[in-house]
Amino acid sequence: MLFRKPPLPRMLLDNVSCMRNAQQILRHVNVSLHDGGALVLTGTNGSGKSTFLRMLAGFTKPSAGEILWNGHNIRQSGVFHQYKLQLGWVSLKDAIKEKFTVLDNVQWHEVLEGKMGRSLPAVELMGLGRLANEKARMLSMGQRKRLQLARLLALDRPIWLLDEPSVALDDDGVKLLEYIIAEHRKKGGIAFVATHLPINIEDAMHLRLPPRQPRRMTLVDMLDRCDIM
């Protein structure tokens with residue numbers, strides 16, 4: 001009788017630790033996500049949620065352990081180029097071009113991806129249809145966040161890295177956010193969500209980062225503060 005090996009997780013954090021400013025913010029983290037999975041990362045301001053996402057994006061190197069995509073270390077040169085094309089990113093920096101229209105802000109990224117036809121439906125889904133031809137500089141903070149999410153939908157990448165995605169959204173906007181995450185997962189997409197606000201994500205894994213304690217001053221720090229000629 002033949003036994004099939006269980007499928008590899010799409011994303012695997014294997015004994016991962018991470019340092020920031022000489023302090024350890026992650027220690028020996030083990031997480032595996034298959035298609036349709038979600039991880040919700042919580043913690044106080046400054047606990048390292050954004051650093052965690054940057055590490056998943058390959059911008060920050062783990063101090064120990066490996067991050068594997070399809071069984072391959074994401075930092076390998078032959079892997080990283082393909083891996084980064086899987087990522088959809090929403091950060092606190094919205095990268096919105098003020099002089100472009102709402103629709104152009106989404107289509108511009110879509111064209112760069114060689115994709116067409118998803119921008120307007122994404123803008124409409126996020127409740128910005130009547131503003132599609134307005135300049136982005138006219139948008140409120142909540143509308144700018146909706147525009148970021150519309151861009152995420154139009155690019156249609158399988159792994160979402162969402163840094164505080166509900167900030168500035170009203171109640172209806174949060175419900176839309178929850179809906180698009182659920183639909184993304186139904187199609188086999190993966191979501192990593194860093195947040196300090198409640199977001200309803202069914203059957204998600206949860207990881208809470210402990211608050212960081214102030215780093216003890218070293219002799220080097222004290223010498224740096226001294227005005228020695």
Side-chain angles (χ1 to χ4, degrees), residues 11 13 16 18-21 23-26 29 31 33 37-60 62 67 74 84 86-98 102 105-106 109 122-123 125-128 131 136-137 139-185 189-213:
M11 293 294 301
L13 279 71
V16 168
C18 183
M19 303 286 291
R20 189 180 75 175
N21 296 332
Q23 284 186 286
Q24 193 159 41
I25 61 172
L26 291 176
V29 172
V31 172
L33 290 180
L39 174 67
V40 177
L41 186 71
T42 59
T44 59
N45 291 338
S47 60
K49 298 188 299 294
S50 295
T51 300
F52 183 93
L53 292 185
R54 289 182 58 82
M55 187 178 62
L56 286 170
F59 301 144
T60 300
I67 300 174
I74 65 170
K84 69 181 181 181
Q86 311 300 307
L87 304 179
W89 178 274
V90 168
S91 71
L92 293 173
K93 296 180 179 180
D94 56 35
I96 289 172
K97 296 186 179 296
E98 304 283 344
V102 168
N105 262 283
V106 180
H109 288 268
V123 166
L125 176 60
M126 293 312 303
L128 299 174
L131 301 173
R137 65 172 178 268
L139 299 180
S140 68
M141 293 301 295
Q143 289 168 336
R144 293 174 75 92
K145 181 66 73 173
R146 287 172 181 250
L147 177 52
Q148 279 185 281
L149 295 171
R151 191 165 58 204
L152 183 75
L153 288 171
L155 292 182
D156 193 29
R157 290 181 167 186
I159 302 172
W160 287 2
L161 306 179
L162 310 181
D163 192 359
E164 302 290 1
S166 63
V167 166
L169 291 178
D170 56 18
D171 289 344
D172 287 341
V174 173
K175 289 177 182 177
L176 264 177
L177 171 65
E178 293 170 349
Y179 171 77
I180 66 172
I181 291 174
E183 290 299 304
H184 176 65
R185 294 176 65 197
I190 289 173
F192 292 92
V193 184
T195 181
H196 71 280
L197 298 173
I199 302 175
N200 183 22
I201 302 177
E202 187 176 352
D203 297 327
M205 298 178 63
H206 289 262
L207 176 63
R208 180 170 180 81
L209 298 184
R212 289 195 306 128
Q213 301 300 320

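As a basis for the values below, the full set of heavy atoms in this structure was taken, side chains included, without hydrogen atoms, waters or symmetry mates.
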>> Treating D163 as the side-chain partner and L92 as the backbone partner, does any N or O pair qualify as donor plus acceptor under 3.5 Å?
In response: no
> Are the side chain of R146 and the backbone of M126 linked by a donor-acceptor contact shorter than 3.5 Å?
Replying inline: yes
> Between F52 and L13, which heavy-atom pair has the shortest distance, and what is it?
Replying inline: CZ-CD2, 3.7 Å
> Which atoms form the tightest heavy-atom contact between G48 and L209, and what is the distance?
Replying inline: C-CD1, 3.5 Å
> Which heavy-atom pair separates N105 from K97 by the least distance, and what is that distance?
Replying inline: OD1-N, 2.8 Å
> Backbone N or O of G43 within a donor-acceptor pair of the K49 side chain at under 3.5 Å?
Replying inline: yes
> Around atom CD of E202, are there more than 12 heavy atoms of other residues, nucleotides or ligands at under 6.0 Å?
Replying inline: no
> Does T44 use its side chain to pair, donor to acceptor, with the backbone of S47 at less than 3.5 Å?
Replying inline: no
> What distance do Q148 atom CD and S91 atom OG have between them, rounded to the nearest 0.5 Å?
Replying inline: 6.0 Å
> If you measure from CG on L169 to CG on L176, what distance do you get to the nearest 0.5 Å?
Replying inline: 8.5 Å
> Do you know which two heavy atoms are closest between A150 and V106, and how far apart they sit?
Replying inline: O-CG1, 4.1 Å
>> So does H196 get a backbone contact from the side chain of E164, meaning a donor-acceptor N/O pair under 3.5 Å?
In response: yes
> What's the spacing between M11 CE and L33 CG if we round to 0.5 Å?
Replying inline: 7.5 Å
> Under 3.5 Å, is there a donor-acceptor pair between the side chain of Q86 and the main chain of I159?
Replying inline: no
> What heavy-atom pair brings T51 and C18 nearest, and what distance separates the two atoms?
Replying inline: CG2-SG, 3.9 Å
> What distance separates R157 CZ from I190 CD1, expressed to the nearest 0.5 Å?
Replying inline: 15.0 Å
> With a 4.5 Å limit on heavy-atom distance, are the side chains of D94 and L147 in contact?
Replying inline: no
> Within a strict 4.5 Å, meaning less than it, do heavy atoms of the I199 and V40 side chains meet?
Replying inline: no
> Does the side chain of W89 reach to within under 4.5 Å of the side chain of R54, using non-hydrogen atoms?
Replying inline: yes
>> Return the CD to CG distance between E183 and L153, rounded to the nearest 0.5 Å.
In response: 10.5 Å
> Between L161 and A57, which heavy-atom pair has the shortest distance, and what is it?
Replying inline: CD1-CB, 3.8 Å
> Measuring from I201:CD1 to L162:CG, what's the distance to the nearest 0.5 Å?
Replying inline: 7.5 Å
>> Using side-chain heavy atoms (C-beta onward) and a distance below 4.5 Å, is L152 in contact with H184?
In response: no
>> Quick one, L26 with M55, criterion side chain to side chain contact (heavy atoms under 4.5 Å, CB included). Give me CA distance, side-chain angles, the key distance, then yes/no.
In response: CA-CA 11 Å; L26 291 176; M55 187 178 62; 3.5 Å; yes
> Between the side chain of R144 and the main-chain N/O of A168, is any donor-acceptor distance below 3.5 Å?
Replying inline: no
